[in-house]
Amino acid sequence: MSGLWFFLSCLCITTYYCLLVIVASLAGTRRRPGGVYDQAAREWGRNNIRANRLVVTVSGAERIPAGPCVFVANHVSFVDIWVLLASLPGTVRFLAKRELLHVPIFGWAMRQAGHIPIDRQNRSRALDACGEAGTQIRNGTSAIVFGEGTRSRTGQLLPLKKGAFVLAIQAQVPIVPVFLDGTYAVLPKGTLALKRHPIRMFVGQPISVEGLRYDDRNRLRERCEKALRGLRDHVDASAAED
């Protein structure tokens, strides 16, 4: 599949949904569960997947708690964003690097839709962003965090950063590990040429944070890393059987 098609389809679909969000915000449309901001994000992901003729299967969706949570996913491709927004239920928002807010149209739409920018180079601002995210979570919004903090260039799972676990402890909501398989084959970092390859999303068992405090963040991170490695090993075992 040509890089030109990926670029043009993504540009057109992204522009449409960003403008939809911006117009809704200018019209004073409030955020509400299932409203235009939720629908725009979900349909943006789904239509990009359809336009590029990708096939996504989800396992373990029944494990997702009914209330808000912090989803911690591995990150190997830009396509991960489409898959998560298209597949996760309820109201979900990303903790995203602050630089994205400087992208014309896209950045404004992100802010208006309620995605939380985080400045990883400024600890004070990062803590403020976590505080803002914690407020949203307590109001019913689930957060999506790429636990490694960046895309893996090799497709391998990298060590997780602490931010997601501090956030979950502050908000007192469970961590839900999510492992994405196949997106690296579709679009690894540094390329614009998509390849058709099956994509699978595996949802792990929620990890409770009940009673945990800030000092427990490293132990919580280790539990989540173990859970993600377990999902990865399950994927590898399934591939070997095939």
Side-chain angles (χ1 to χ4, degrees), residues 5-52 54 56 58 64 67-73 75 77-120 125-126 128-146 151 163-164 167 171 173 176 178 180 183 187 192 194 199 201:
W5 172 253
F6 160 69
F7 176 78
L8 291 177
S9 63
C10 186
L11 177 64
C12 292
I13 293 168
T14 300
T15 300
Y16 173 80
Y17 284 105
C18 284
L19 290 176
L20 177 63
V21 166
I22 291 169
V23 170
S25 68
L26 291 174
T29 304
R30 295 179 179 274
R31 299 173 195 159
R32 62 176 181 81
V36 64
Y37 304 109
D38 287 2
Q39 292 175 21
R42 187 162 289 116
E43 289 305 313
W44 174 76
R46 289 176 178 175
N47 282 323
N48 272 301
I49 289 169
R50 291 189 192 106
N52 289 283
L54 301 174
V56 179
V58 179
I64 298 174
C69 57
V70 175
F71 294 102
V72 177
H75 194 21
S77 171
F78 180 78
V79 175
D80 298 338
I81 302 170
W82 296 350
V83 175
L84 291 166
L85 287 176
S87 306
L88 294 175
T91 298
V92 293
R93 297 292 185 269
F94 275 98
L95 253 69
K97 58 184 180 182
R98 192 174 188 83
E99 293 86 343
L100 290 175
L101 263 70
H102 300 304
V103 178
I105 301 178
F106 185 75
W108 191 13
M110 281 189 64
R111 170 58 84 178
Q112 298 307 312
H115 297 280
I116 308 296
I118 186 163
D119 187 346
R120 292 176 293 184
R125 288 181 180 176
D128 289 344
C130 283
E132 183 179 346
T135 299
Q136 289 200 28
I137 292 171
R138 286 186 288 272
N139 289 334
T141 297
S142 291
I144 304 173
V145 183
F146 288 123
R151 280 178 290 173
L167 176 59
V173 296
V176 179
V178 178
L180 298 164
T183 55
L187 188 71
L192 290 177
L194 267 79
I199 297 172
M201 186 179 95

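Just so we're clear, the structure is a prediction, and the values are computed from it rather than from any experiment.
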For the backbone of [Y] and the side chain of [X], can you confirm whether one donor and one acceptor N or O come within less than 3.5 Å of each other?
{"X": "Arg32", "Y": "Tyr37", "answer": "no"}
{"X": "Ser142", "Y": "Val92", "answer": "no"}
{"X": "Ser25", "Y": "Ile22", "answer": "yes"}

Any chance you could lay out the side-chain contact (heavy atoms from CB on, under 4.5 Å) test for Cys18 and Val21, step after step, and finish with the verdict? CA-CA 5 Å; Cys18 284; Val21 166; 5.8 Å; no
Given Asp38 and Arg93, is the side-chain contact (heavy atoms from CB on, under 4.5 Å) satisfied, shown in steps? CA-CA 9 Å; Asp38 287 2; Arg93 297 292 185 269; 2.9 Å; yes
Testing the basics here: between [X] and [Y], what is the closest heavy-atom pair and its distance to 0.1 Å?
{"X": "Arg42", "Y": "Pro89", "value": "NH2-C, 3.8 Å"}
{"X": "Pro33", "Y": "Thr91", "value": "CA-OG1, 3.6 Å"}
{"X": "Ala143", "Y": "Ile137", "value": "CB-CD1, 3.9 Å"}

Would a 4.5 Å heavy-atom cut-off, applied to side chains only, mark [X] and [Y] as touching?
{"X": "Leu54", "Y": "Val83", "value": "no"}
{"X": "Met110", "Y": "Pro117", "value": "no"}
{"X": "Gln112", "Y": "Leu26", "value": "no"}
{"X": "Phe78", "Y": "Arg151", "value": "yes"}

Could you grab the distance from atom [atom1] of [X] to atom [atom2] of [Y], nearest 0.5 Å is fine?
{"X": "Cys10", "Y": "Trp5", "atom1": "SG", "atom2": "CH2", "value": "11.5 Å"}
{"X": "Ser87", "Y": "Arg46", "atom1": "OG", "atom2": "CZ", "value": "7.5 Å"}
{"X": "Leu187", "Y": "Thr183", "atom1": "CG", "atom2": "OG1", "value": "9.0 Å"}
{"X": "Asn48", "Y": "Phe6", "atom1": "CG", "atom2": "CZ", "value": "8.0 Å"}
{"X": "Gln136", "Y": "Ile116", "atom1": "CD", "atom2": "CD1", "value": "3.5 Å"}
{"X": "Glu43", "Y": "Leu20", "atom1": "CD", "atom2": "CG", "value": "10.5 Å"}

Which of parallel (below 30°), tilted (30 to 60°) and perpendicular (above 60°) describes Trp82 and Trp44?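 If you compare the ring of Trp82 with that of Trp44, the planes turn out perpendicular.
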Hey, which of Ile144, Val72, Asp80, Leu84 is the one that makes side chain to side chain contact (heavy atoms under 4.5 Å, CB included) with Val178?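 For Val178, the side chain to side chain contact (heavy atoms under 4.5 Å, CB included) test succeeds with only one of Ile144, Val72, Asp80, Leu84, which is Leu84.
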Verify the distance criterion only: is there a donor paired with an acceptor across the side chains of Tyr17 and Asn47 at less than 3.5 Å?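 Distance-only check passes for Tyr17 and Asn47.
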